[in-house]
> 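I have a structure here, written as structure tokens, and I will follow up with some questions on it.
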Amino acid sequence: MSQTLLQLLDSRVSAALSACGCEGAPAIIQPAGRPEFGDYQANGVMAAAKSRKMNPRALAEQVVAAIDLAGIASKLEIAGPGFINITLAPEFLAQRAQAALGQADLAVPKAAAQRVVVDYSSPNLAKEMHVGHLRSTIIGDALARVLRFLGNEVIAQNHVGDWGTQFGMLTAFLIESEQGGAGDIALNDLEDFYRRAKQRFDEDEAFATRAREYVVKLQGGDAQVNALWKRFLDVSLHHCEEVYQELGVGLTRADVRGESAYNDDLPVVVRDLQGKGLVVESQGAQVVFLDEFKTKNQDGSETPAAYIVQKQDGGYLYATTDLAAIRYRVAQLKADRVLYVVDARQGLHFNQLFTVSRKAGYAPDAVSLEHVGFGVMLGEDGKPFKTRSGGTVKLAELLQEATERAFALVSEKNPDLPEAQRRDIARAVGIGAVKYADLSKNRNSDYVFSWDTMLAFEGNTAPYLQYAYTRIAGVFRKAEGVDTSAAIVLDEPAERALALELVRFADALQSVARETMPHFLCSYLYNLATQFMRFYEACPVLKSEGEQRASRLQLCRLTAETLRTGLGLLGIEVLEAM
RNA sequence: CUGCCCGUAGCUCAACUGGAUAGAGCAACGGCCUUCUAAGCCGUAGGUUAGGGGUUCGAUUCCCUUCGGGCAGGCCA
């Protein structure tokens with residue numbers, strides 16, 4: 001298949017519009033708002049008629065007469081001021097579903113392949129990962145998987161925080177701990193390690209001085225300090241990898257390219273910007289002034305925004321590092337598209353970064369630079385979630401709690417399963433629930449962190465989708481003589497509704513990739529699972545006979561494959577039993 | 001002060017370049033397991049989309065304004 005369902009309908013209706021003298025008018029195809037309107041509706045006629053001063057109903061009639069949907073639609077209707085309602089032919093739906101069966105990619109059309117750099121997770125290695133790191137990590141991971149599935153070449157970049165003054169402090173503290181013979185033990189708890197180091201830094205002037213010296217030594221390439229720094233990073237990265245493993249996130253060491261990797265490039269970037277006349281000195285700092293971001297003063301005058309790339313003391317900032325990273329991603333990695341899955345609060349920074357990158361020629365217009373922002377995490381009281389002492393929930397703790405709750409539930413529902421299997425189920429269900437709770441929300445919205453919402457196992461949750469899969473697995477355990485080439489026949493309304501949802505998979509993925517919105521996929525999968533549950537209640541599979549039984553088994557098979565694939569793209573496992 | 005984001009059912013969230021009667025889940029109430037796993041299905045109830053104006057065939061969506069919340073804004077990231 002070369003076109004998704006939406007693309008197919010769009011091209012046919014657009015062609016009809018052109019044939020009726022409305023060249024270039026968008027067809028605006030959408031899933032129908034109500035069942036009595038059919039399966040899809042074309043809304044483009046009204047706007048086209050208006051701009052051409054035509055009667056919309058009359059134009060709609062011309063378009064319907066000109067439309068070529070033979071073998072695709074069974075009914076076309078004009079309704080209201082000029083909607084065209086399209087009802088798809090059951091044979092067409094069946095044929096479409098049939099084509100997806102048995103294909104590893106479920107016959108999803110490949111978009112024009114791009115090389116996409118996805119910058120995500122990017123934790124600060126000085127501390128342990130907490131719930132605040134969840135969104136970037138799993139949103140980025142889901143986007144990377146979807147983009148890859150659609151034929152793009154994805155390069156993940158874990159832009160970890162491994163550089164800066166705090167690492168001087170940490171290595172200094174590591175030395176001290178080693179001298180006391182407790183270096184390895186101290187590193188067992190990163191959070192505690194950081195807290196103690198910070199305490200020493202605040203309370204002991206001599207230690208603080210030593211820490212600052214270490215920063216200088218680190219940047220100067222001092223071998224001993226560098227070795228200690230690397231040991232610290234190794235421990236910290238190992239901790240991250242444990243969390244990634246637990247989360248089912250595909251990031252590896254090969255994807256890590258931290259801030260430190262750009263260290264040598266920073267003076268080069270600043271010199272380059274100076275050479276291009278973009279940077280001027282202001283109050284001792286090297287600054288790019290941006291008229292695009294000028295702010296109004298009270299007296300009505302305007303000041304351009306200052307984008308500082310080098311401090312008075314000669315030090316560099318994250319702005320500089322990010323410029324170096326863009327240069328690397330475009331020039332070395334040959335990116336066509338760069339996604340930054342980073343907290344929405346950094347929106348202004350990225351806007352400015354992108355603007356400077358364009359001016360400096362680091363990213364030509366052909367390269368798409370996108371800040372995939374996401375909302376701030378709030379507490380259950382609706383106020384910002386505290387990140388200060390004691391306020392954070394460690395990611396590892398959240399995942400453990402989720403797994404425990406899931407274990408209690410599965411043990412209650414299915415006590416006869418061996419414990420090892422119940423543990424496996426609990427892990428997949430618990431982790432899946434946590435990830436889905438996050439991924440299913442529009443990433444632009446702020447995020448309310450709630451144990452109960454996060455760990456719910458009913459309704460629109462990952463376990464609901466996993467359960468649908470499990471039910472299908474149960475059917476196939478009992479089915480005998482499954483004919484994997486049997487024809488799909490859609491007679492019952494529930495069968496038809498299920499098939500309609502199944503053939504929409506590709507469109508769901510396209511919109512995820514285009515809008516960088518993973519929750520579109522969640523909504524899709526939830527709708528699919530819901531349609532399946534209804535089908536399951538209404539249409540007995542094993543008790544039916546002949547062609548009908550074979551057809552229903554085929555629908556089950558495709559549903560299972562779609563759920564497995566779709567959940568897989570979200571980084572969530574499916575289960576044979578639960 | 002300037003700019004960006006947000007405000008939808010009691011709670012958590014949807015609503016795809018503006019589309020028809022704003023949809024789900026949770027919580028509440030009522031049904032459905034001798035028939036493929038009840039983590040399910042069916043039903044009832046719940047709304048002046050923060051308020052007010054405007055644009056048009058049509059607005060949760062776009063514009064203006066007020067209120068309320070969040071965030072960012074020259075040497076943190």
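Quick note on labels: first sequence line is chain A, next is B, and so on, each numbered from 1.
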> Write down the distance separating the C1' atoms in A39(B) and C71(B), rounded off to the nearest Å.
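My reading of the C1' atoms in A39(B) and C71(B) gives 38 Å.
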> From NE2 of H371(A) over to C1' of C5(B), roughly how many Å is that when rounded to an integer?
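Taking NE2 of H371(A) and C1' of C5(B), I get 12 Å after rounding.
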> Only pairs with both distances under 3.5 Å count, Watson-Crick or wobble alike; so what is the partner of G46(B) in this structure?
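By the stated definition (distances under 3.5 Å), nothing pairs with G46(B).
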> Side chains of F293(A) and T355(A): closer than 4.5 Å at any heavy-atom pair?
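F293(A) reaches T355(A) side chain to side chain.
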> Among Y526(A), F457(A), Y469(A), which residue meets the ring pair (Phe, Tyr, Trp, His ring centres under 6.0 Å) test with Y464(A)?
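With Y464(A) as partner, Y526(A), F457(A), Y469(A) yield a single ring pair (Phe, Tyr, Trp, His ring centres under 6.0 Å), made by Y526(A).
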> Classify M46(A) by what it touches in the nucleic acid, base, sugar-phosphate, or nothing, heavy-atom distance under 4.0 Å.
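Base: the residue M46(A), judged by heavy atoms under 4.0 Å, touches a nucleobase.
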> Whom does C67(B) pair with, Watson-Crick or G-U wobble, provided both distances fall under 3.5 Å?
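Paired with G7(B).
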> Say you draw a straight line from CD1 of I572(A) to CD of Q466(A); how long is it, rounded to the nearest 0.5 Å?
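The CD atom of Q466(A) is 6.5 Å from CD1 of I572(A), to the nearest 0.5 Å.
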> With rounding to whole Å, what would you report as the distance between A45(B) and A27(B) at their C1' atoms?
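To the nearest whole Å, 12 Å.
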> Taking side chain as C-beta onward, heavy atoms only, is H519(A) less than 4.5 Å from L439(A)?
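Not in contact.
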> Say we look at G46(B) and A24(B): how far apart would their P atoms be, to the nearest angstrom?
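That atom pair is separated by 15 Å.
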> With distance as the sole test, does N55(A) use its side chain to make a donor-acceptor pair with the main-chain N or O of A58(A) at under 3.5 Å?
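It does hold such a pair.
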> Okay, side chain of Y436(A), backbone of C522(A): is any donor-acceptor separation there less than 3.5 Å?
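Yes, Y436(A) side chain to C522(A) backbone: donor-acceptor pair under 3.5 Å.
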> From CG of D446(A) over to P of G69(B), roughly how many Å is that when rounded to an integer?
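After rounding, the reported distance stands at 14 Å.
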> Could you measure between the two C1' atoms, the one in A50(B) and the one in G70(B), and give it in whole Å?
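One C1' to the other, the span is 16 Å.
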> Does A20(B) have F37(A) stacked on its base, where the ring centres are within less than 5.5 Å and the planes differ by under 30°?
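Aromatic stack with A20(B) present for F37(A).
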> Distance-only, no hydrogens or angles: does the S51(A) side chain make a donor-acceptor pair with backbone N or O of A48(A) under 3.5 Å?
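Here the side-chain-to-backbone pair exists.
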> Classify A79(A) by what it touches in the nucleic acid, base, sugar-phosphate, or nothing, heavy-atom distance under 4.0 Å.
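Touches a base.
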> Restricting both atoms to N or O, compile the protein contacts to nucleotides 16-18 of chain B shorter than 3.5 Å, with distance only.
unit_1	atom_1	unit_2	atom_2	d
U17(B)	OP2	Q30(A)	NE2	3.2

> May I ask which nucleotide in the shown strands pairs with C62(B), Watson-Crick or G-U wobble, both distances under 3.5 Å?
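G54(B) is the nucleotide pairing with C62(B).
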> Does G74(B) fall in syn (glycosidic angle within 90° of 0) or anti?
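Syn conformation for G74(B).
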> Quick check against the 3.5 Å criterion: does E281(A) have a side-chain atom that pairs as donor or acceptor with the backbone of A285(A)?
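Judged by distance alone, no pair lies under 3.5 Å.
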> Verify the ring-centre separation between H371(A) and F354(A): is it less than 6.0 angstrom?
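Here the rings of H371(A) and F354(A) have centres that are no less than 6.0 Å from each other.
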> Check the distance between C57(B)'s P and I78(A)'s CD1 and give it to me in whole angstrom.
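Between P of C57(B) and CD1 of I78(A): 20 Å.
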> Listed by chain and number, what are the side chain to side chain donor-acceptor pair (under 3.5 Å) partners of D483(A), not counting sequence neighbours?
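In terms of side chain to side chain donor-acceptor pair (under 3.5 Å), with neighbours along the sequence ignored, D483(A) is linked to S485(A).
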> Across all strands, who's sitting opposite C16(B) as a Watson-Crick or G-U wobble pair, both distances under 3.5 Å?
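No nucleotide pairs with C16(B).
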> For G40(B), give the paired nucleotide (Watson-Crick: N1-N3 plus N6-O4 or O6-N4; G-U: N1-O2 and O6-N3; both under 3.5 Å), or none.
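G40(B) is paired, partner C32(B).
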> Which of these nucleotides, C36(B), A39(B), U12(B), is closest to any side-chain atom of V541(A)?
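Comparing C36(B), A39(B), U12(B) against the side chain of V541(A), the answer is C36(B).
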> Give N85(A) one of three labels, base, sugar-phosphate or nothing, depending on what nucleic acid heavy atoms sit under 4.0 Å from its own.
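Base, at least one base atom sits under 4.0 Å.
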> In whole angstrom, give me the gap between the P atoms of C62(B) and C5(B).
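The same atom, P, in both gives a distance of 9 Å.
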> Looking at R405(A) and E401(A), is any side-chain nitrogen of the basic one under 4.0 Å from a carboxylate oxygen of the acidic one?
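So E401(A) pairs with R405(A) through a salt bridge.
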> May I ask you to list the residues of residues 470-478 of chain A, by number, that have any heavy atom positioned under 4.0 Å from an atom of RNA chain B?
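Correct list: T470(A), R471(A), G474(A), V475(A), R477(A), K478(A).
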> Can you tell me how far P of C36(B) sits from CD of Q554(A), to the nearest Å?
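Rounded to whole Å, this separation is 22 Å.
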> Figure out the CG/P separation between N442(A) and C5(B), and round it to whole Å.
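Computing the N442(A):CG to C5(B):P distance gives 13 Å.
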> Check every strand shown and say whether M517(A) touches a base, only sugar-phosphate, or nothing at a heavy-atom separation below 4.0 Å.
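It contacts nothing in the nucleic acid.
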> Only pairs with both distances under 3.5 Å count, Watson-Crick or wobble alike; so what is the partner of G74(B) in this structure?
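WC or wobble partner does not exist here.
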> Is C33(B) syn or is it anti, if syn means the base angle is within 90 degrees of 0?
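Syn.
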> From CG of N351(A) over to C1' of C71(B), roughly how many Å is that when rounded to an integer?
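Value for this atom pair: 14 Å.
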> For a quick check, with a 4.0 angstrom heavy-atom cut-off, what is the B/S/- contact string for nucleotides 72-77 of chain B, read 5' to 3'?
SSBBSB
> Sticking with atom P, work out how far A20(B) lies from U49(B), rounded to a whole angstrom.
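Each nucleotide's P atom is 14 Å from the other's.
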> Take the protein atom CZ of F535(A) and the nucleotide atom C1' of C36(B), then report the distance between them rounded to whole Å.
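To the nearest whole Å, that distance equals 10 Å.
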> Measuring only the C1' atom in each nucleotide, how far is G7(B) from U48(B)? A whole number of Å is fine.
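These two C1' atoms come out 16 Å apart once rounded.
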> Show the distances under 3.5 angstrom between N or O atoms of the protein and N or O atoms of nucleotides 22-26 of chain B.
unit_1	atom_1	unit_2	atom_2	d
A24(B)	O2'	Y526(A)	OH	3.3

> If you look at every strand shown and take non-hydrogen atoms under 4.0 Å, does A577(A) touch a base, only sugar-phosphate, or nothing?
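Here A577(A) touches the bases of the nucleic acid.
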> Under 4.0 Å, counting only non-hydrogen atoms across every strand here, what does E576(A) touch: a base, just sugar-phosphate, or nothing?
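Answer is base: heavy atoms of E576(A) come under 4.0 Å of a base.
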> Side chains of T403(A) and R427(A): do they bring a donor and an acceptor to under 3.5 Å?
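T403(A) vs R427(A): no donor-acceptor pair found between side chains.
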> Give a yes or no answer on whether the side chain of Q286(A) reaches the backbone of K311(A) with a donor-acceptor pair at less than 3.5 Å.
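No.
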> Under 4.0 Å, counting only non-hydrogen atoms across every strand here, what does C522(A) touch: a base, just sugar-phosphate, or nothing?
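Touches nothing.
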> Between L290(A) (CG) and U2(B) (C1'), how many Å, whole number?
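Atom CG in L290(A) sits about 16 Å away from atom C1' in U2(B).
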> Carefully, step by step, assess Y340(A) and E370(A) under the rule side-chain contact (heavy atoms from CB on, under 4.5 Å).
CA-CA 6 Å; Y340(A) 290 85; E370(A) 301 166 43; over 6 Å; no
> With sugar-phosphate meaning primed atoms plus P, OP1 and OP2, does T321(A) contact a base, only sugar-phosphate, or nothing at under 4.0 Å between heavy atoms?
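Nothing: the residue T321(A), judged by heavy atoms under 4.0 Å, touches no strand.
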> Among A14(B), G40(B), C36(B), which is the nearest nucleotide to the side chain of L542(A)?
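Nearest nucleotide to the side chain: C36(B).
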> Could you pull out all donor-acceptor pairs under 3.5 Å where a side-chain atom in residues 34-41 of chain A meets a protein atom, sequence neighbours excluded?
unit_1	atom_1	unit_2	atom_2	d
R34(A)	NE	E36(A)	OE2	3.0
R34(A)	NH2	E36(A)	OE2	3.4
D39(A)	OD1	R496(A)	NH1	3.3
D39(A)	OD2	L88(A)	N	2.8
D39(A)	OD2	R496(A)	NH2	2.8
Y40(A)	OH	R504(A)	NE	2.9
Q41(A)	OE1	G33(A)	N	3.2
Q41(A)	NE2	N43(A)	OD1	3.0

> Report yes if the side chains of N444(A) and M517(A) come closer than 4.5 Å at any heavy-atom pair, otherwise no.
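Sidechains of M517(A) and N444(A): in contact.
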> Is the charged tip of R345(A) near the ring of F374(A): under 6.0 Å from the six-membered ring centre and within 45° of its axis?
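No, R345(A) and F374(A) do not form such a contact.
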> So does T137(A) get a backbone contact from the side chain of S121(A), meaning a donor-acceptor N/O pair under 3.5 Å?
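The answer is no, because no donor-acceptor pair under 3.5 Å joins these two groups.
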> I'd like the C1' distance from U61(B) over to C6(B), given in whole Å.
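The same atom, C1', in both gives a distance of 14 Å.
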